[in-house]
Amino acid sequence: MEPIARAELLRRRAFSHGLGTQALPGGPAAAVSRLFALQGQDLPGVLWSIGVRTGATQDQVRAAFNDATLVRTWPFRGTLHVLAAEDVPWLLSLTAERTLRSAARRRAELDLDERTVERTREVAEGALAGRRALGRKELLARFESAGISTSGQRGYHLLWHLSISGTTVLGPFDGAEQQFVLLDDWVARRRGLDGDAALAEVVRRYLRGRSPATTADLAWWTKLPVTAIRRGLAACGAELEEVEYDGAAHWQLMPPPEGADEARIQTAVLLPGFDEYLLGYTDRSAALASEHAPLTVPGKNGVFKPTLVLRGRVAGVWSRKTTRTSTEVTVLPFSPISSRDWNAVERAACDYGRFLGTPVTVERS
């Protein structure tokens, strides 16, 4: 088993993530295919996760949702992710039952019995039939009109349940808001995978966008049983090899994808708060020093701040103030950085401005 140092681990991961010096070819759809699923509860953030890897503008990323190439739904960990529309049906068939079973107690607490859930599904199917699209408020209003209370957390849970059980997905945009559509109406092209073939595809696609990574990383990210992950690893066979980092075995694809051996890591990248570069692993210590973790996730509450990444390591946090005509980016490094690195940060901020379609100014905090 080949031993590798931290710098090499981060270089290989940066290539897998599409965060090398060359933008990913093929646009937003290809980037999402490479990453498989990108955590997406922060919608502006996940759009930038796609844009930073491709050079696409925000409007170009939204267009991939409008044409039914990409969708947002809850395939892993009960959390919103962006993924290719064609991957939704087979992936939900693998993960949905386990996710819904884990939420049974919560449904009972919200007084959502099977009859109420099924009535909600009927209302949603009627409201969205014929490829109609509705925003969250409009769809919840339809439930209320049908006598289904959406007060408290009931509304969110009903929308969550409908998507995990394969009725709806979040698809096209109306302005800045993404709307619900029926999965069966919206997603015409589907991949058919099940059993070990589906497990192998999860492993293969996860590693394509995040390797090198451990079995524990895979199990945490998917929330599938470790026994299922091991079946997926075994089904991949000679497609995978192990390398050793920090005393632990890490998996990567074999042979390495074209360009992997020559890829270089970007000097500076401004990533959104829930980017897969950190969220893709249960052990984030290679990229995030322990003393900086409380600054990145204040209060350990699961809310990640946008991060400045220098040469693969989290070196600070950043924020933005955006109007229709300009964007101000404020960068807070964890320690002083050189003038050369500041130049790289300013270039990264300009990339963000191009994504938004507004000029950017950079403030040092």
Side-chain angles (χ1 to χ4, degrees), residues 16-19 22-76 79-96 124 128-136 139 159 162-164 166-193 198 201-202 204-206 208-210 257 272 274-276 279-280 354-357:
S16 297
H17 278 270
L19 295 173
Q22 299 297 317
L24 288 178
V32 173
S33 179
R34 185 187 188 101
L35 271 293
F36 186 28
L38 295 88
Q39 189 157 322
Q41 71 268 54
D42 173 24
L43 181 54
V46 75
L47 299 181
W48 172 230
S49 283
I50 299 168
V52 73
R53 289 166 166 83
T54 60
T57 66
Q58 183 171 239
D59 286 343
Q60 288 170 332
V61 177
R62 285 176 177 167
F65 291 91
N66 293 340
D67 69 10
T69 301
L70 302 179
V71 297
R72 222 170 27 130
T73 190
W74 287 263
F76 293 114
T79 301
L80 271 167
H81 286 73
V82 170
L83 65 161
E86 66 178 7
D87 286 323
V88 173
W90 72 264
L91 189 52
L92 288 180
S93 71
L94 184 67
T95 63
L128 301 173
R131 291 178 64 87
R132 290 196 296 269
L134 291 175
R136 182 178 184 275
L139 191 52
L159 294 174
L162 288 176
S163 289
I164 291 177
T167 300
T168 58
V169 290
L170 282 158
F173 279 83
D174 181 12
E177 182 186 12
Q178 198 173 17
Q179 299 188 302
F180 285 94
V181 291
L182 292 179
L183 173 64
D184 287 345
D185 282 354
W186 195 248
V187 181
R189 180 181 175 185
R190 300 165 179 239
R191 298 189 66 195
L193 293 168
E201 183 70 355
V202 168
R204 189 181 297 117
R205 298 279 292 283
Y206 170 88
R208 186 183 179 200
R210 292 161 189 79
F274 293 92
D275 192 85
E276 290 291 324
L279 270 293
R354 282 192 291 272
F355 167 77
L356 294 176

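The line from CG of Leu94 to CG of Asp87 is 11.5 Å long, rounded to the nearest 0.5 Å. Note that OG1 of Thr69 and CG of Asp67 are 3.5 Å apart. Values are rounded to the nearest 0.5 Å. Here the straight-line distance linking atom CG of Asp42 with atom CG of Asp275 works out to 11.0 Å at 0.5 Å rounding. A distance of 13.5 Å separates CD in Gln178 from CZ in Arg136, rounded to the nearest 0.5 Å. A distance of 12.0 Å separates CG in Leu91 from CD in Glu86, rounded to the nearest 0.5 Å.
Between Glu201 and Arg191 there is a side-chain heavy-atom pair separated by less than 4.5 Å. Contact check for Leu43 versus Leu47: side-chain heavy atoms found under the 4.5 Å cut-off. Between Phe36 and Phe76 the shortest side-chain heavy-atom distance falls below 4.5 Å. A 4.5 Å side-chain heavy-atom check between Trp48 and Val61 finds every atom pair outside the cut-off. Taking 4.5 Å as the limit, some side-chain heavy atom of Leu170 sits within range of a side-chain heavy atom of Leu80. Taking 4.5 Å as the limit, every side-chain heavy atom of Arg131 sits out of range of all side-chain heavy atoms of Val181. Looking at Val88 and Thr73, their side chains come closer than 4.5 Å, going by heavy atoms from C-beta outward. Within the 4.5 Å cutoff, the side chain of Leu183 has no heavy atoms near those of the Thr168 side chain.
Within the 3.5 Å criterion, the main-chain N or O of Ala30 finds no donor-acceptor partner in the side chain of Ser33. A donor-acceptor contact shorter than 3.5 Å links the side chain of Asn66 to the backbone of Phe173. When atom types are taken as modelled, the side chain of Arg132 and the backbone of Ala129 share a donor-acceptor pair closer than 3.5 angstrom.
There is a side-chain donor-acceptor pair under 3.5 Å between Gln39 and Gln41. There is no side-chain donor-acceptor pair under 3.5 Å between Asp59 and Thr57.
Between Phe180 and Trp74, the two ring planes are parallel [angle under 30°; tilted spans 30° to 60°].
Closest approach of Gly171 to Trp186, counting heavy atoms only: CA-NE1, 4.1 Å. Minimum interatomic distance between Ser16 and Arg210 (heavy atoms only, all atoms of both residues): CB-N, 3.7 Å. When all heavy atoms of Pro75 and Leu83 are compared, the closest pair comes out as CG-CD2, 4.1 Å. Contact between Arg72 and Phe65 at its shortest, heavy atoms only, is N-CE2, 4.2 Å. Summarising the geometry of Ser49 relative to Leu38, their closest heavy-atom pair is CB-CD2, 3.9 Å, with the distance given to 0.1 Å. Among all heavy-atom pairs drawn from Ala37 and His81, the shortest one is CB-CD2, 3.9 Å.
Between Val169 and the choices Asp184, Val71, Leu182, the side chain to side chain contact (heavy atoms under 4.5 Å, CB included) rule is met once, by Val71.
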Q: Could you check Leu128 against Asp185 for side-chain contact (heavy atoms from CB on, under 4.5 Å), going step by step and ending with a plain yes or no?
A: CA-CA 9 Å; Leu128 301 173; Asp185 282 354; over 6 Å; no
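Remark: Gln22 CD is loosely packed, at most 12 non-hydrogen atoms of other residues, nucleotides or ligands lying under 6.0 Å away.
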